[in-house]
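Since this is a predicted model, take the numbers as computed values, not measurements.
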Amino acid sequence: MSYAQIAKEAGLTRGRIHQIRHTGPAPEGAFFGQGTITLVTPLKREARQARPVVAVEDVAAAKRLEDLARGFDLAVELEHVLRRPW
């Protein structure tokens with residue numbers, strides 16, 4: 001649909017439809033937000049020696065999100081958090 005058709009259906013002006021369409025965050029900004037992104041992976045206790053470890057799947061997922069965010073020139077920090085009960 002053209003802006004004029006959308007405006008007519010929505011009861012707005014063509015200019016307002018254009019303004020709505022071209023303002024606001026980029027799609028990645030709407031998803032990731034603004035500022036530095038902090039990716040947090042959970043630490044769990046290793047079965048044998050009770051050392052804190054991160055699951056391979058969590059590392060892989062965090063890496064994929066990090067690569068995606070950095071591809072949009074967003075700053076990324078990585079952190080770990082202890083999973084309860086510890």
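In this structure, the side chain of R70 engages the main chain of V76 through a donor-acceptor pair within 3.5 Å. Put simply, the side chain of E9 never gets that close to the backbone of I6: no donor and acceptor are under 3.5 Å apart.
The line from OG1 of T41 to CG of L43 is 6.0 Å long, rounded to the nearest 0.5 Å. Once rounded to the nearest 0.5 Å, the distance linking CG of L12 with CD1 of I20 reads 5.5 Å. We find the CE-CD1 distance between M1 and I17 to be 9.5 Å, quoted to the nearest 0.5 Å. For the atom pair OH (Y3) and CZ (R14), the distance works out to 8.0 Å, reported to the nearest 0.5 Å.
Two residues are said to be in side-chain contact when any heavy atoms from C-beta on lie closer than 4.5 Å; V54 and P42 fail this criterion. A 4.5 Å side-chain heavy-atom check between L39 and E79 finds every atom pair outside the cut-off. Using a 4.5 Å heavy-atom cutoff, the side chains of T38 and V40 are in contact. Here the side chains of L74 and T36 are not in contact, with every heavy-atom distance at 4.5 Å or above.
In terms of hydrophobic clustering, with Ile, Leu, Val, Met, Phe, Trp and Tyr side chains grouped at heavy-atom distances under 4.5 Å, L82 and V59 are assigned to a common cluster. Residues L78 and I37 are members of one and the same hydrophobic cluster, defined by side-chain heavy-atom contacts under 4.5 angstrom among Ile, Leu, Val, Met, Phe, Trp and Tyr.
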